[in-house]
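One structure below.
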Amino acid sequence: MSKKEEAPLPDKYDNFNEWYNEILQKAELIDLRYGVKGFIVYRPNSMTIIRQIYRLFENELDKCGHSPCLFPVVIPLEFFEKEAQHIKGFLEEVFWVTKAGEHELNKPLVLRPTSETAMYPLYSLWIRSYRDLPLKLYQSNAVYRYETKATKPLLRGREFLWIEAHCAHRTKEDAERQVLEDMEIMSRVLHDILGIPFLLLERPPWDRFAGANRTYAFDVLFPDNSILQIATTHILGENFSKAFEIMFKDEDGKLKYVQQTCFGIGISRILATLISVHGDEYGMILPFDIAPFQVVIVPILFKESGGPVMDKCKEIRKRLCERGYRVILDDSDDRPGAKFYKWELLGVPVRVEVGPRDLEKGVVTLFRRDTRERLIVEDGMLEGKIEELRSDILRVLRRRGEARLKKCLKEVKNRSELLEVARKREGIIRMAFCGREECADEIKAETGGFEVRGIKVGEEAGELGVCAACGRSATQIVYVAKPY
């Protein structure tokens with residue numbers, strides 16, 4: 001039987017939708033049967049990973065001087081209405097609370113779509129002097145948006161999990177440094193720990209966060225060559241501080257408006273990204289540091305040798321736990337093949353197999369989930385080999401992802417090339433662009449939804465020539481892709 005026939009899932013590049021839906025169901029990650037469109041149930045297998053993702057980002061935020069907080073899920077209407085551009089940007093997506101019990105509310109409440117208008121009225125009370133700055137707070141929560149597009153579990157929903165950080169600073173330079181720090185936090189977690197390749201793009205003016213002066217976004221390429229935005233950081237300037245009267249007395253005795261930034265990290269979407277970018281036809285492949293269980297021990301039992309094999313498995317579990325690894329010993333009555341299937345589906349990075357022949361030889365068999373290779377390791381070398389795999393698995397996953405992203409970046413010089421790449425859905429388009437919103441609208445209409453995503457942060461444009469879409473003089477190099 002071929003590898004393809006043995007695999008429990010379709011090929012994700014041939015049919016990503018089918019693959020994605022099957023892995024969510026077979027790995028028991030979510031349940032869609034809650035009965036409200038766009039709302040999902042996170043099952044233990046997914047929530048355990050999500051807790052790890054939260055911890056990674058919260059630890060980074062804490063190290064960078066942020067403090068945790070939690071604001072109410074409902075926002076008073078008078079708060080929400082204070083920043084005109086912001087409310088205009090979210091008005092079509094808002095859930096309204098209008099009734100409590102049998103009583104109509106005097107004023108409707110907004111179910112939190114994001115927390116600028118919830119937090120900043122309190123910032124205006126807390127900030128009085130330059131000594132109160134910077135104020136750097138974050139909250140880990142759920143937000144609610146009446147998504148009008150087709151919903152897709154974890155990728156696009158009406159309730160999703162995230163972290164939002166909201167900072168107030170003395171100067172524009174301080175705010176700009178904060179955004180650079182946000183970018184570094186994302187890079188440390190995405191690249192250094194999760195092995196996820198991304199494009200960091202400055203969004204065009206018409207696609208900025210409502211109320212922001214500048215918006216920077218992290219876009220990830222998915223197996224179907226669509227793009228998913230998984231985090232954003234924004235320079236808000238004085239737009240909200242003026243609306244909410246957030247002022248401080250500076251050292252010179254003058255009252256000034258604070259300079260603000262906000263930073264949103266899509267936890268639900270990062271889970272979807274981990275599943276989709278690293279997974280294969282056998283299930284999830286989790287980087288070592290994020291995996292709920294980093295090592296699974298599977299005994300290969302026969303009646304006459306069951307006792308000694310189990311004793312060795314328990315000894316190995318004790319040794320690995322003492323080293324700080326998250327370990328599970330599968331001592332269920334299932335056959336070894338069923339156990340292999342289960343833990344491969346759940347993406348456990350390393351499997352340790354112990355059978356009677358291993359005992360006789362003083363070895364164990366290791367299986368690495370990323371390459372599906374089996375390795376024979378001397379018992380005394382086990383801990384060292386697992387630590388070696390810890391970094392090598394991440395290296396392999398990162399290299400795979402980066403190679404595919406590079407392969408799917410398509411340079412186009414003219415309109416016909418642009419339309420051909422879009423028609424074939426070959427990946428992300430890189431092109432010279434005139435900078436006009438009208439041209440971006442034409443690209444979106446003619447390509448079936450490809451959008452100008454923005455300028456790559458830190459990339460030198462070089463010679464520009466003319467816009468590949470319209471032929472006018474180009475002002476920038478942009479990336480164009482089909483988003484979820």
Side-chain angles (χ1 to χ4, degrees), residues 85-86 88-89 172-173 175-180 182-183 186-187 197-221 225-239 259 261-263 405-484:
Q85 187 177 351
H86 185 75
K88 183 180 178 182
K172 291 181 179 179
E173 292 76 17
E176 289 168 355
R177 279 191 288 272
Q178 180 59 57
V179 165
L180 291 176
D182 298 342
M183 295 175 182
M186 286 302 302
S187 181
F198 59 85
L199 290 176
L200 174 54
L201 304 173
E202 181 178 356
R203 290 286 187 253
W206 59 86
D207 195 26
R208 290 172 183 156
F209 175 70
N213 290 341
R214 300 179 83 169
T215 288
Y216 303 90
F218 291 78
D219 282 355
V220 176
L221 179 70
N225 288 341
S226 295
I227 287 289
L228 183 69
Q229 174 182 293
I230 60 173
T232 52
T233 180
H234 315 275
I235 294 178
L236 305 178
E238 298 177 357
N239 294 333
Q259 301 291 324
T261 64
C262 64
F263 177 27
L405 178 59
K406 182 178 179 180
K407 177 183 177 183
C408 292
L409 285 176
K410 305 296 181 181
E411 190 102 19
V412 303
K413 300 296 185 184
N414 53 54
R415 192 181 191 89
S416 62
E417 291 179 0
L418 166 65
L419 295 177
E420 181 68 7
V421 172
R423 183 183 66 80
K424 293 181 177 179
R425 289 288 297 272
E426 291 182 326
I428 303 169
I429 295 166
R430 183 180 183 271
M431 55 172 267
F433 181 59
C434 62
R436 298 180 307 118
E437 184 177 1
E438 296 83 359
C439 187
D441 289 341
E442 290 175 7
I443 291 171
K444 185 174 181 178
E446 292 192 33
T447 59
F450 275 64
E451 296 179 0
V452 174
R453 305 296 286 173
I455 304 166
K456 187 176 180 181
V457 174
E459 182 178 65
E460 294 293 332
E463 292 187 17
L464 294 173
V466 298
C467 175
C470 68
R472 290 179 171 86
S473 294
T475 60
Q476 56 199 219
I477 297 294
V478 296
Y479 290 78
V480 180
K482 181 72 177 289
Y484 280 101

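Numbering of residues begins at 1 and proceeds along the displayed sequence.
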- Verify side chain to side chain contact (heavy atoms under 4.5 Å, CB included) between Arg425 and Phe450, making sure each step is shown before the conclusion. CA-CA 9 Å; Arg425 289 288 297 272; Phe450 275 64; 3.6 Å; yes
- Task: Could you tell me the separation between the OG1 atom of Thr447 and the NZ atom of Lys482, rounded to the nearest 0.5 Å?
- Result: 8.0 Å
- Please report the shortest heavy-atom distance between Phe209 and Thr215, naming the atom on each side. N-OG1, 3.0 Å
- Query: Which value, rounded to the nearest 0.5 Å, describes the distance between Ile428 atom CD1 and Leu199 atom CG?
  - Reply: 4.5 Å
- Drop me the distance from Gln229's CD to Leu201's CG, to the nearest 0.5 angstrom. 9.5 Å
- Single hit among Arg453, Arg430, Lys456 for side chain to side chain donor-acceptor pair (under 3.5 Å) with Tyr479: Arg430
- Task: Identify the heavy atoms of Asn239 and Gly211 that sit nearest to each other, and give their distance.
- Result: ND2-O, 2.9 Å
- Task: For Lys407 and Gly427, indicate whether the former's side chain and the latter's backbone hold a donor-acceptor pair under 3.5 Å.
- Result: no
- Rounded to the nearest 0.5 Å, what separation is found between the CG atom of Asn414 and the SG atom of Cys470? 12.5 Å
- Note on the structure: Ala217 and Thr232 have their tightest heavy-atom pair at CB-CG2, 3.7 Å
- Message: Main chain of Tyr216, side chain of Arg203: is a donor-acceptor contact present, judged purely on distance under 3.5 Å?
- Response: no
- Item | Positive for side chain to side chain donor-acceptor pair (under 3.5 Å) with Gln259, one of Lys172, Glu238, Glu176 | Glu238
- Distance-minimising heavy-atom pair for Ile477 and Ala461: CG1-O, 3.8 Å
- Message: Under the criterion side chain to side chain contact (heavy atoms under 4.5 Å, CB included), I'd like the reasoning laid out for Leu221 against Ile227: C-alpha separation, chi angles, the key distance, then a yes or no.
- Response: CA-CA 5 Å; Leu221 179 70; Ile227 287 289; 4.3 Å; yes
- Task: Taking all non-hydrogen atoms of both residues into account, name the closest pair between Ile235 and Val179 and its distance.
- Result: CG1-CG2, 3.5 Å
- Task: Go through the structure and list residues passing ring-ring contact (aromatic ring centres under 6.0 Å, His included) with Phe198, not counting sequence neighbours.
- Result: Phe218
- Message: With rounding to the nearest 0.5 angstrom, report the CD to CD distance, Glu417 to Glu411.
- Response: 9.5 Å
- Message: A side-chain contact here means heavy atoms from C-beta on lying under 4.5 Å apart; do Glu202 and Arg214 qualify?
- Response: yes
- Is the closest basic N to carboxylate O distance between Glu173 and Arg177 below 4.0 Å? no
- Gap between atom NZ of Lys424 and atom CG of Leu419 - 0.5 Å precision: 12.5 Å
- Of all heavy-atom pairs linking Cys434 and Thr475, the shortest is O-OG1, 3.2 Å
- Starting from the C-alpha separation in whole Å, work towards a yes-or-no answer on side chain to side chain contact (heavy atoms under 4.5 Å, CB included) for Met186 and Phe263. CA-CA 10 Å; Met186 286 302 302; Phe263 177 27; 3.6 Å; yes
- Message: Before you tell me yes or no, could you show the steps for Val452 and Met431 under side chain to side chain contact (heavy atoms under 4.5 Å, CB included), namely the whole-Å CA-CA distance, both residues' side-chain angles and the distance that decides it to 0.1 Å?
- Response: CA-CA 10 Å; Val452 174; Met431 55 172 267; 6.0 Å; no
- So, Ser187 side chain and Met183 main chain: donor-acceptor pair closer than 3.5 Å or not? no
